[in-house]
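In what follows, chains are A, B, ... by sequence order, proteins preceding strands, each numbered from 1.
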Number of protein chains: 2
Amino acid sequence: MPSSRPLRADARRNREALLSAARQAFLGGDADAHVEDIARSAGVAVGTLYRHFETREALIEEVYRKEVDDLCAAPGDLLNQHAPEEALRRFLLLLVDHAAVGKGMSVALENIMATDSPVFDDARTRMGDALSRLLDAGSAAGTVRGDVTGPTLLRALGGICAMRVSEGWLDEARQITTLLLDGLRHGAPRAS
Amino acid sequence: MPSSRPLRADARRNREALLSAARQAFLGGDADAHVEDIARSAGVAVGTLYRHFETREALIEEVYRKEVDDLCAAPGDLLNQHAPEEALRRFLLLLVDHAAVGKGMSVALENIMATDSPVFDDARTRMGDALSRLLDAGSAAGTVRGDVTGPTLLRALGGICAMRVSEGWLDEARQITTLLLDGLRHGAPRAS
DNA sequence: CCATAAGGTGAGTCCGGTTCCGTTTACGTG
DNA sequence: CACGTAAACGGAACCGGACTCACCTTATGG
């Protein structure tokens with residue numbers, strides 16, 4: 001149902017320009033850029049922006065949904081090239097590094113965790129599935145514990161990446177992720 | 001420098017009422033309560049609110065600073081009553097549960113991680129110290145690995161608690177925390 | 001080319017945080 | 001127990017930023 005009519009040429013162009021401008025703004029530091037500015041830097045008026053996106057939030061959603069799309073493609077490749085445990089390791093760190101591209105992306109992950117929006121809900125599902133694939137592979141290979149689900153792990157990562165702090169947060173995020181991995185490894189001592 | 005003059009009686013009363021009303025609002029779900037409402041439910045006008053608090057943000061800060069104060073008191077007691085590892089375990093879970101009181105508290109922890117405000121900076125320091133105390137005790141007892149610092153662990157927790165999501169997030173937060181604890185335990189398999 | 005509906009525009013509305021100043025009140029003093 | 005004064009209060013007005021709407025422009029298919 002997404003396309004009632006194929007969308008006029010200039011409309012599609014403007015839509016693209018808006019997404020690109022917004023991406024620019026959000027992925028670069030400014031997490032609360034004004035709609036007016038985004039619209040202007042895309043060469044259109046606010047009205048046009050609102051023709052294409054229900055709300056400011058909706059625009060942000062769209063930008064990040066694409067980002068998530070990219071990320072979700074990774075597990076398949078990784079599982080082909082590495083042992084499950086290693087694939088998991090790489091994917092988690094990839095996620096963290098990706099969040100580092102701009103503080104914006106971390107906001108995205110955080111939002112994916114926090115909102116009820118159907119869009120994010122969908123993204124969460126796909127991301128959780130991606131993680132599940134990795135976890136299952138590891139579990140089947142006997143190198144990863146089997147009692148943690150993809151969605152749960154996703155939450156941990158969302159949380160970690162939500163700490164968009166100055167100086168050195170990336171190193172800490174990596175360290176924490178490593179910690180998590182150690183906990184996930186099959187044979188880790190259990191708490192209770 | 002905090003007190004130039006001891007603050008008039010009614011003023012102190014109103015300040016208290018405002019803090020209490022705000023606490024009520026934030027700790028109960030509504031993370032973005034309107035200042036107008038907070039003021040009204042404290043029985044004063046907005047002007048009064050702004051006499052006591054520089055800004056909406058400042059009010060929130062104040063509310064949560066107290067919350068953090070309480071939390072920071074815990075490690076001492078726990079170390080007296082339990083082995084270090086167990087004390088650490090309980091404190092982390094206490095933290096998570098505390099966040100559960102209302103979604104508001106989790107916002108607080110998140111903010112502690114994210115802002116540069118001197119108030120939060122201070123809170124972060126004290127919280128980090130509290131955790132360090134626990135980690136050091138465990139490390140000295142040989143039951144906890146020694147290469148993780150309090151501040152780092154705090155970030156992990158801040159992240160985890162930032163996931164203020166509906167339904168079941170508390171259980172997941174607990175599980176993730178347990179995961180972290182398993183990773184922290186001395187003798188856990190290392191990643192690299 | 002024209003008709004027409006899709007698309008664009010930007011001044012205006014709405015909303016919520018913040019300010020400002022006239023009024024009220026606590027409280028030290030004579 | 002007045003009184004004077006500085007402190008506190010109230011709330012209408014202000015302002016910035018997201019969002020709307022009535023009108024204009026333009027792509028497009030016949």
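Residues A:S139 and A:G146 share a closest heavy-atom pair of OG-CA, 3.9 Å. When all heavy atoms are compared, the tightest approach of A:I176 to B:T152 is CD1-O, 3.6 Å. Of all the heavy atoms in A:V35 and A:Y50, the pair that sits closest is CG1-OH, 3.8 Å. A pairwise comparison of heavy atoms in B:L154 and B:G128 identifies CD2-N, 4.0 Å as the closest pair.
Atom CG in B:L18 sits roughly 13 Å away from atom P in D:dA8 (whole-Å rounding). The CZ atom of A:F53 sits 15 Å away from the C1' atom of C:dG8 (whole-angstrom rounding). Between B:E57 atom CD and C:dG16 atom P there is a gap of 17 Å when expressed in whole angstrom units. Distance B:E54 CD to C:dT18 P: 10 Å, rounded to the nearest Å. The CG-P distance, from B:L49 to C:dG17, rounds to 10 Å in whole Å. Distance B:R40 CZ to D:dG11 P: 11 Å, rounded to the nearest Å. If you take CZ of A:R12 and P of C:dA6, they are 17 Å apart, rounded to a whole angstrom.
Between A:R12 and A:E16 there is no salt bridge, since no side-chain nitrogen of the basic residue lies less than 4.0 Å from a carboxylate oxygen of the acidic one. Using a 4.0 Å cut-off between charged nitrogen and carboxylate oxygen, B:R13 and B:D10 do not count as a salt-bridge pair. A salt bridge does not link B:R56 with B:D32: every distance from a Lys NZ or Arg NE/NH1/NH2 to an Asp or Glu carboxylate oxygen is 4.0 Å or more. One finds no salt bridge joining B:R40 and B:E36 here, because no Lys/Arg side-chain nitrogen approaches an Asp/Glu carboxylate oxygen to under 4.0 Å.
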- Nucleotide by nucleotide, 5' to 3', does protein get under 4.0 Å of the base (B), only the sugar-phosphate (S), or neither (-) in nucleotides 25-30 of chain D, counting heavy atoms? -BSS--
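Note on B:H52: every side-chain N or O is 4.0 Å or more away from OP1 and OP2 of D:dA8. Look at B:T55 and you won't find any side-chain N or O under 4.0 angstrom from OP1 or OP2 of C:dG17. Of the side-chain N and O atoms in B:T48, one or more sit less than 4.0 angstrom from OP1 or OP2 of D:dG10. In this structure, B:Y50 reaches the C:dT18 phosphate: one of its side-chain N or O atoms is under 4.0 Å from OP1 or OP2. Regarding contacts with the backbone of C:dG8, a side-chain N or O of A:N14 is found under 4.0 angstrom from either OP1 or OP2.
In this structure, of C:dT9, C:dG17, D:dG10, it is D:dG10 that holds the atom nearest to the side chain of B:A45.
The salt bridge (Lys or Arg N to Asp or Glu O under 4.0 Å) analysis of residues 128-142 of chain B, with sequence neighbours excluded, yields no pairs.
B:R51 comes within 4.0 angstrom of a base, heavy atoms only.
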Below 3.5 Å is the cut-off: list the nitrogen or oxygen pairs between protein and nucleotides 13-17 of chain D, distance only.
| residue | atom | partner | partner atom | Å |
| --- | --- | --- | --- | --- |
| D:dG17 | OP1 | A:H34 | NE2 | 3.1 |

